[in-house]
2 protein chains.
Amino acid sequence: MFSFSEENYLKAIFHLEKKYQAGVSTNALAEEMETKASSVTDMIKKLSEKELVVYKKYQGVKLSELGKKTAIQVVRKHRLWEYFLVEKLDFNWDEVHDIAEQLEHIKSEKLTRELDKFLGFPKRDPHGDPIPDAEGNFSVANKMLLAELDKDEKGICVGVKDSSSEFLRFLDKNNISLGKEIKVLEKEAFDGSMLIVIEERELRISQLISNNLYIKTQ
Amino acid sequence: MFSFSEENYLKAIFHLEKKYQAGVSTNALAEEMETKASSVTDMIKKLSEKELVVYKKYQGVKLSELGKKTAIQVVRKHRLWEYFLVEKLDFNWDEVHDIAEQLEHIKSEKLTRELDKFLGFPKRDPHGDPIPDAEGNFSVANKMLLAELDKDEKGICVGVKDSSSEFLRFLDKNNISLGKEIKVLEKEAFDGSMLIVIEERELRISQLISNNLYIKTQ
DNA sequence: AAATAAATTTAGACAAGACTAAAAATATTG
DNA sequence: CAATATTTTTAGTCTTGTCTAAATTTATTT
Ligand SMILES: [Mn+2]
Ligand SMILES: [Mn+2]
Ligand SMILES: [Mn+2]
Ligand SMILES: [Mn+2]
């Protein structure tokens, strides 16, 4: 089917399209892929040749229907494997991303379907991100950033924006995990820091933290 | 660590060394890898450079200690994943090899260890082959080929030599599976075919079959 | 022990995917 | 709007792993 590299580009474009609806720029893609702009141009041409993306020179790139479908299948596999690692193999949520980056490229529709079934058709991965079903459908939750809450408002923690080990371990250390309720006690206008309460404990967090935690309000 | 291709060559050499103790020839390796002899020579040089094999021009190749250790880890992963697919995801034993060929290259020691634990440290894969433990140790069972049995002798089916889908489906169709007892009722000297009895049913099998079924005698 | 056959290696080429440096196109600014 | 800055593309190179064709070495026959 498609190479690992092609799949990784498609996935990156898929994620960046949320932010750049008008088309994903070569530089944005180069940064996401941790490669050089010239390499991106080369690959975009190949993807365009294969009708996985729509590309006009200097105008950025968009996924075609086929490209989008392919990207979603890769994301589906990534998130199913992350769920598997956490729920079945006792991995912590900060340890699974790199392994899922490898597993997401395993080619077998039956494997993906059977894994999904084995896991009980989970709807969200360990970081709160939606897992597309076999048809590629998934629901985008109406979540918001904790930073958007005002004093005395509260919400349930439902996901992370940054899913780096560093951030996830910080959350672990402070006993913040998905499903818990967070209430804003104070909000400092000057630096955006907050005093929150989570499970009866008070905690002061910087804006960098509240900007990377998704919550859902009732 | 090592590339997929390098790992595949090491695994192929590992398997061929059983048959060619004096050194695996370039042609034998080319056939096993389904590639050309010149490509094999190229790769052998690279592996030799990395001290994974011992190579003298025109003299065939052998695994170094490091090469052997690496090959065994790949085999361990291959067989653990095959076991996982059959035992947890309800795959049939004839469907797992190609997927395991992909999964065996996933790089994460922790994943392999945790998978092993999750599976209950299985000793044999679905085809009866031994699964090396984390240290690379595994027991070679004292099995023999069904073809070696004489009239009126019996044994327990413990493995397959050929693990192609075609052969495995043939066994399924004839209700032959690992763990079952087979008794030889007749043995035809002319063509090596046998009349066997397995679970009260009589069955005539060609020598090609009996030459690819491992059994253990009491 | 030549002569021939078979196995193996070398030489040169190619595709994928990356890189650097330079050129070209687009955006921004005075 | 011309000058400058930024972005993007092109040109040329490199590495990995493969291939074909030719050369070389080893094995087998007469
Ligand atoms: Mn991830
Ligand atoms: Mn995730
Ligand atoms: Mn197998
Ligand atoms: Mn097997």
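Bear in mind the structure is a predicted one, so any value in this text is a computation, not a measurement. These numbers come from the heavy atoms of this one structure, side chains and all, not from hydrogens, waters or symmetry mates. So that the names make sense, note that chain A is the first sequence line, chain B the second, and so on, each numbered from 1.
- A:Lys46 has its NZ atom 12 Å from the P atom of C:dA15, to the nearest Å.
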Considering only nitrogen or oxygen atoms on both sides, find all protein atoms under 3.5 Å from nucleotides 23-25 of chain C and state each distance.
unit_1, atom_1, unit_2, atom_2, d
C:dA25, O4', A:Tyr58, OH, 3.2

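- Here the straight-line distance linking atom CD of B:Gln73 with atom CE of B:Met1 works out to 10.0 Å at 0.5 Å rounding.
- For B:Lys36 and C:dC14, the NZ to P distance is 17 Å, given to the nearest whole Å.
- Map A:Ser3 and B:Thr41 each onto its nearest nucleotide of DNA chain C; the residue landing nearer the 5' end is B:Thr41.
- Counting to the nearest Å, the P atom of C:dC19 and the CG atom of A:Asp42 are 10 Å from each other.
- Only A:Ser25, A:Thr26, A:Asn27, listed by number, bring a heavy atom of residues 8-33 of chain A to less than 4.0 angstrom from any atom of DNA chain D.
- Mapping heavy-atom proximity under 4.0 Å, the span of DNA chain D touched by chain A runs 5' to 3' from D:dT7 to D:dT10.
- Ring pair A:Phe167/A:Phe170 is parallel by interplanar angle, where below 30° counts as parallel and above 60° as perpendicular.
- In terms of modelled atom types and a separation under 3.5 Å, the side chain of B:Lys151 and the main chain of B:Glu188 share no donor-acceptor contact.
- Contact annotation: A:Ser5 does not reach the phosphate of C:dA16 (side-chain N/O to OP1 or OP2, under 4.0 Å).
- Residue contacts shown for A:Tyr55 are limited to sugar-phosphate atoms, with no base heavy atom under 4.0 Å away.
- If you look at B:His97 and B:His127, their ring centroids are not closer than 6.0 Å.
- A:Phe4 has its ring centre no less than 6.0 Å from the ring centre of A:Tyr9.
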